Amino acid sequence: MIVIDGLTKQFGPFTAVDRIGFSVRRGEVLGFLGPNGAGKSTTMKMITGFLAPSAGSVRVCGHDVVASTLAAQRVIGYLPEGAPAYGDMTPRGFLTFIARVRRLSAAEAGKAIDRAVEATELASVLDQPIDTLSKGFRRRVGLAQSILHNPPVLIMDEPTDGLDPNQKFEVRKLIGRMAAEKAIVISTHILEEVDAICTRALIIDHGQIVADGTPAALMSRSRYHNAVSLTLGGQTTVATAEKLRNLPGIASIEVAPRGEETTFTLFPVRASESDTLLVDAVARLARDENWPVRALYGEPGRLDEVFRSLTRSDTKADEKDAA
Amino acid sequence: MNELLAVFRRELGGYFATPLAFIFIVIFLFTMGAFTFYLGGYYESGQADLTIFFNFHPWLYLFLLPAISMRLWAEERRTGSIELLLSLPIPLWAAVLGKFLAAWVFSGIALALTFPMWLTVNYLGNPDNGVILAGYLGSFFMAGGYLAIGSCLSAVTRNQVIAFVVSVAVCFLFTVSGLPMVIDFFSGWAPQQVLSTIASFSFLTHFNAITRGVIDLRDVIYFVTLIGAWLIACGIVVDMKKAG
């Protein structure tokens, strides 16, 4: 439903987005990841027709965003970064304005507002000026605005930024409920969110795509993928680490003491293989040795580590500047 | 058209959602009255018409209308709502025109509320109500000119104070360009044609022509063209400045 090809945006000599291409189908929730300034928001602004691309094309539900901007904008729901709204209006007035702009008839608008207000739980503040609302409510006003016309394509720039854990959970649930019938793109730098709601993750850095895949596939690129983590209580000795290292299939081992406990991370020789055998072997050893086990689990991989290894170019650029 | 109307209604409603509208209207009416009766010596003039009243309009507009127009775009840019507005399916011209019309109609409401002046002169004597109507129309057109200028300059910056100050300055130039203080500056060396061109840009020249009761098509065209040109410029500025 979204097809992007060779999308580029230059601000003067600076290239914010550099020949990006991807597509999003109905039923997909695409997590758009990247460090600050990587080009996430700029890309979203181009998809929604706010910024004109320097090169490349964006098609949303078959409408070219540059050639038929309004037609594309009609099928998109957009939550801009920071969820801006008109602060002097009440949520009711604001949503009514959006409904008018979206050409909903009075009857449709009433129903659409009721639905959006219910989905975002705004009923209690519907008649207070938006300026007086808490950050969480303001964000939800923005969400309500973006889903008001039940758009087939939903673009959300950091939808859960600034929300407390409960509100985050609610917003994720809401996105999850809508996912089946829409194409959704969310940007975030909360990595747990990707795992929680995205069917696919796309990491961009310095305006270019550096990774594209399911969250699980991305995690398998982590060096922690299929590693085994073992936490022991009490005193451990060098001999403990030695015994672990001597288990078959172990490539290396890391030891991290923390207070009364020590965590060993065991990296397998072949990370691609399932970790159950290794976990079993470690469990057997611990039982035989009578170690006080506090925790033992196989790691699926760490997204933050993959993220960091893929998007370090910021520091590289700094080094270049220094040199 | 729907979108234009939606923007217009939102903007106009926005004036009345805050105390802005009431404060503005009260001060507008109060200064209008004070200027006319005290500074202008309305009673002493012994004439039952509104010439004195209308003579103050350009000077009052000069400071009050940029206060209305300064927020039109500067505030949208500051709060980031411009990104929302321009990613909604609203054509740019509808957003520009809708906002301008809301400000214009608002100033029209304030102007209409000076009707007690009209009642007063009709009570005191037998004024030519045609001339008065022409004066009101001229004043309304002139307000549109000030607001169009202010609207464009509001799009240049995200700082409302800068928008206000620059608007006042530019409006001032447009107001006085027909007065001796500007003309004298050019008259020593510029050819006559340039002089009359500069003078013809003056709001005062055209406004005074209308308040005499003669609605000349040229004066109307002047204001309509001026409003149109500044609004087109406004659209261009809004479009250019989106990225910043």
Side-chain angles (χ1 to χ4, degrees), chain A residues 9-12 14 16 41-42 44-52 54 63 65 68-90 93-105 109 129-131 138 141-142 145-146 148-149 151 155 157, chain B residues 1-24 68 70-99 102-103 106 155 158 160 235-236 238-244:
Chain A
K9 182 70 191 178
Q10 284 163 325
F11 297 109
F14 174 67
S41 291
T42 307
M44 290 184 145
K45 284 173 186 175
M46 287 191 281
I47 298 175
T48 54
F50 177 67
L51 286 182
S54 306
H63 306 290
V65 171
S68 42
T69 313
L70 295 180
Q73 285 172 334
R74 282 196 190 100
V75 294
I76 297 176
Y78 178 39
L79 175 70
E81 191 176 6
Y86 293 107
D88 51 8
M89 300 180 99
T90 62
F94 180 63
L95 294 176
T96 307
F97 163 65
I98 300 289
R100 280 194 195 121
V101 168
R102 296 281 186 194
R103 293 184 174 174
L104 301 180
S105 71
I130 294 170
D131 266 343
R138 277 208 294 259
V141 171
Q145 167 274 120
S146 68
L148 190 68
H149 55 304
I155 313 284
D157 203 347
Chain B
M1 215 49 200
N2 276 325
E3 294 84 0
L4 173 75
L5 211 62
V7 173
F8 171 77
R9 285 172 71 171
R10 196 209 77 73
E11 288 287 329
L12 194 60
Y15 289 112
F16 292 96
T18 57
L20 177 85
F22 301 97
I23 291 174
F24 180 87
I68 297 281
M70 67 180 186
R71 59 187 281 280
L72 284 178
W73 292 99
E75 185 161 85
E76 294 261 3
R77 301 234 347 257
R78 191 180 55 78
T79 62
S81 55
I82 191 164
E83 191 177 340
L84 177 76
L85 183 70
L86 297 181
S87 59
L88 287 168
I90 304 175
L92 184 61
W93 65 265
V96 170
L97 198 60
K99 275 171 169 287
F106 177 68
R158 66 180 64 205
Q160 295 195 31
I236 292 170
V238 169
D239 198 45
M240 265 171 46
K241 284 250 170 186
K242 275 193 295 200

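Since this is a predicted model, take the numbers as computed values, not measurements. Chain letters run A, B, ... following the sequence lines, proteins first and then strands; every chain starts at 1.
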Open item on the list: Nearest 0.5 Å, please: how far is CZ in A:Arg100 from CG in B:Leu88?
Closed with: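 Going from the CG atom of B:Leu88 to the CZ atom of A:Arg100 covers 14.0 Å.
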Task: Approximate separation, where rounding is to 0.5 Å, of A:Phe94 CZ and B:Leu84 CG - done: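 Nearest 0.5 Å value for the CZ-CG distance: 5.0 Å.
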Open item on the list: Heavy-atom pairs under 4.5 Å with chain A: which of B:Gly13, B:Ser87, B:Ala94 has the most?
Closed with: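 Most heavy-atom pairs within the cutoff with chain A belong to B:Ser87.
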Could you list the donor-acceptor pairs under 3.5 angstrom formed between side-chain atoms of residues 1-10 of chain B and any protein atom two or more places apart in sequence or on another chain?
unit_1, atom_1, unit_2, atom_2, d
B:Glu3, OE2, A:Arg103, NE, 2.8
B:Glu3, OE2, A:Arg103, NH2, 3.1

Open item on the list: Under the rule for side chain to side chain donor-acceptor pair (under 3.5 Å), what residues qualify as partners of B:Thr79, not counting sequence neighbours?
Closed with: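 Partners of B:Thr79 under the side chain to side chain donor-acceptor pair (under 3.5 Å) test: B:Ser81.
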Open item on the list: Using the side chain to side chain donor-acceptor pair (under 3.5 Å) criterion, which residues pair with A:Ser54? Sequence neighbours excluded.
Closed with: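 Checked A:Ser54 against side chain to side chain donor-acceptor pair (under 3.5 Å); zero matches.
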Could you report the tightest heavy-atom contact between [X] and [Y], atom names first, then the distance?
X	Y	value
A:Arg102	B:Pro89	NH1-CD, 3.1 Å
A:Gln73	B:Ile90	OE1-N, 4.3 Å
B:Ile82	A:Phe50	O-CE1, 3.7 Å

Task: Which portion of A:Ile98 sits near chain B, non-hydrogen atoms under 4.5 angstrom - done: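 Side chain only.
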Open item on the list: I need the contact set between residues 79-86 of chain A and chain B: heavy-atom distance under 4.5 Å, sorted by residue number.
Closed with: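 A:Pro80, A:Pro84, A:Ala85, A:Tyr86 fall under the 4.5 Å cut-off.
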TODO: Could you tell me which portion of B:Glu75 (side chain, backbone, both or neither) has an atom closer than 4.5 angstrom to a non-hydrogen atom of chain A?
DONE: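 It is neither, since no heavy atom gets under 4.5 Å.
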